[in-house]
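In the text below, chain A, chain B and the rest are named by the order of the sequence lines, each starting its count at 1. Keep in mind it's a predicted model, so treat the numbers as computed, not measured.
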2 protein chains.
Amino acid sequence: MAQNKKADFSEIDQEMANFAKALSHPARVAIIKILAAQSSCICGEIVEVLPLAQSTVSQHLKELQLAGLVKGTIDGNKSCYCINWETMQQAIQQFNGLLNTLNDRKTFSCC
Amino acid sequence: MAQNKKADFSEIDQEMANFAKALSHPARVAIIKILAAQSSCICGEIVEVLPLAQSTVSQHLKELQLAGLVKGTIDGNKSCYCINWETMQQAIQQFNGLLNTLNDRKTFSCC
DNA sequence: TCTATTTATCGTATATTTACGATATTAAAT
DNA sequence: ATTTAATATCGTAAATATACGATAAATAGA
C-alpha cells in the first residue's frame, strides 16, 4: 500500500479493527467456534476438521493468538489452544458498544 | 493464494467472516461510528474527517455497502450514506451468539 | 451556457494475506 | 537409541487489500 495509514486512526478504532481482522476469515471463525464449544482444543484435531493443510491451520492459530483471542500451551507432544476470555470479552464489549449506539438512533434514518 | 478455500467453510462462518472483514480496517470502523452517531451522512464530510484521499474513502464506503452494512442514496450533487439496520442487527446477533456460547462455558478452560 | 463541485471509477504501485510443501524441533513410542 | 508423531517455522507463489492520482460523470451555481 504505498503507505499504511492505519496508525492515523484512534487507538480504539484500531483495536476494534484488529479484533475484526482476527475474525475475518472463515477458518478462524470456525476455530473460535470449535474452541468455544470445547469439542476440542488440540491442534491436530482442529487440523483434521478443517479443509486446510496443517501448516495453514498453524498459521491461523498464530494470528488468533497474536490478536489475543486465543492462548496456547504445549502439552507434551501436542499443542492445546483455548479461548482467551479476558480479551474475547473486551472484543465483544466493543461490538456491543457499537450496537447500543445503533439502537439509540434506530428510529431515524436519512436514506 | 494459490487457491481460495473460503468456500469450503459453512455459509454461516463465511457470513460472519464477511461482516468481520468489513470492520477489519480502522477507516471502516470510524465510518460506521460516524454514521451511527449521525454526526454526518454526506460522503464529502466523511472525507474531510478521515486522514485519507477522497478516492480511498469512496472505496471503503463501497466495501461497507458490499457487505450490506451501509446503504447509500444519491442526493443531488452529493451522496448520502446510512447504516443498514437490518444487516447490522444480523451481524451483531451473530457476534452475540458467539458470546453466549462463550459465557456458557466460561467457568472451564483447559489451558 | 460555462464553470465549479461532488463523487465514483480506473489504473497502478505496493503491502499484506492466504495457502502449501519442505523442513526443523521436540516429545512419545518402540 | 531409533523411529514415529505432532507442531511450528521457513520459503515462496498467488490472490487481495490499500492507497493514491487522474479522470469521468453528473448536478449545482454563476
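Neither OP1 nor OP2 of dT7(D) sits under 4.0 Å from any side-chain N or O of S58(A). Of the side-chain N and O atoms in H60(A), none sit less than 4.0 angstrom from OP1 or OP2 of dT17(C).
Checked by atom type and distance alone, the side chain of D13(B) never pairs as donor or acceptor with a backbone atom of V29(A) at under 3.5 Å.
Atom NZ of K62(A) is separated from atom C1' of dT16(C) by 15 Å (rounded to the nearest Å). In this structure, the CD atom of Q59(A) is 10 Å from the C1' atom of dT9(D), given to the nearest Å. Atom CD1 in I46(B) sits roughly 12 Å away from atom C1' in dT7(C) (whole-Å rounding). Between the CD1 atom of I31(B) and the C1' atom of dA19(D) there is a distance of 14 Å, rounded to whole Å. Protein atom CG of D8(A) is 14 Å distant from nucleotide atom C1' of dC20(D), rounded to whole Å. As a whole-Å value, the separation of N4(B) CG from dT17(C) C1' is 11 Å. For L66(B) and dA17(D), the CG to C1' distance is 13 Å, given to the nearest whole Å. To the nearest angstrom, C1' of dA17(D) lies 10 Å from NZ of K6(B).
Under the 4.5 Å side-chain criterion, counting only non-hydrogen atoms from C-beta, F19(A) is in contact with T87(A). The shortest distance between side-chain heavy atoms of I31(A) and Y81(A) does not fall below 4.5 Å. Side-chain contact check for I46(B) versus L35(B): some heavy-atom pair is nearer than 4.5 Å. Counting only heavy atoms from C-beta outward, the side chains of I12(B) and Q94(B) approach each other to under 4.5 Å.
Closest to the N77(B) side chain, of the nucleotides dA28(C), dA26(D), dA19(D), is dA26(D). Nearest nucleotide to the A53(B) side chain, out of dG21(D), dT9(C), dA19(C): dG21(D). Ranking dA8(C), dA19(D), dG21(C) by closeness to the S55(A) side chain, first place goes to dG21(C). Checking dA8(C), dA8(D), dC20(D) against the side-chain heavy atoms of Y81(A) singles out dA8(D) as nearest. Considering only side-chain atoms of L52(B), the nucleotide from dC20(C), dA19(D), dT18(C) that sits closest is dA19(D). Nearest nucleotide to the S79(A) side chain, out of dA8(D), dA19(D), dA27(C): dA8(D). Set against dT9(D), dA28(D), dT18(C), the side chain of H25(A) has dT18(C) as its closest nucleotide.
Aromatic ring orientation, H60(B) versus H25(B): tilted (interplanar angle from 30° to 60°).
Across the interface with DNA chain D, nearest-nucleotide mapping of G76(B) and R28(B) shows R28(B) to be the residue nearer the 5′ end. If you find the closest nucleotide of DNA chain C to D75(A) and to P51(A), the one lying nearer the 5' end belongs to P51(A). Between K21(A) and Q54(A), the one whose closest nucleotide on DNA chain C sits nearer the 5' end is K21(A).
Residue I74(B) is classed as having no contact, given no heavy-atom separation below 4.0 Å to the nucleic acid. Residue E63(B) is classed as a sugar-phosphate contact, given heavy-atom separations below 4.0 Å to backbone atoms only.
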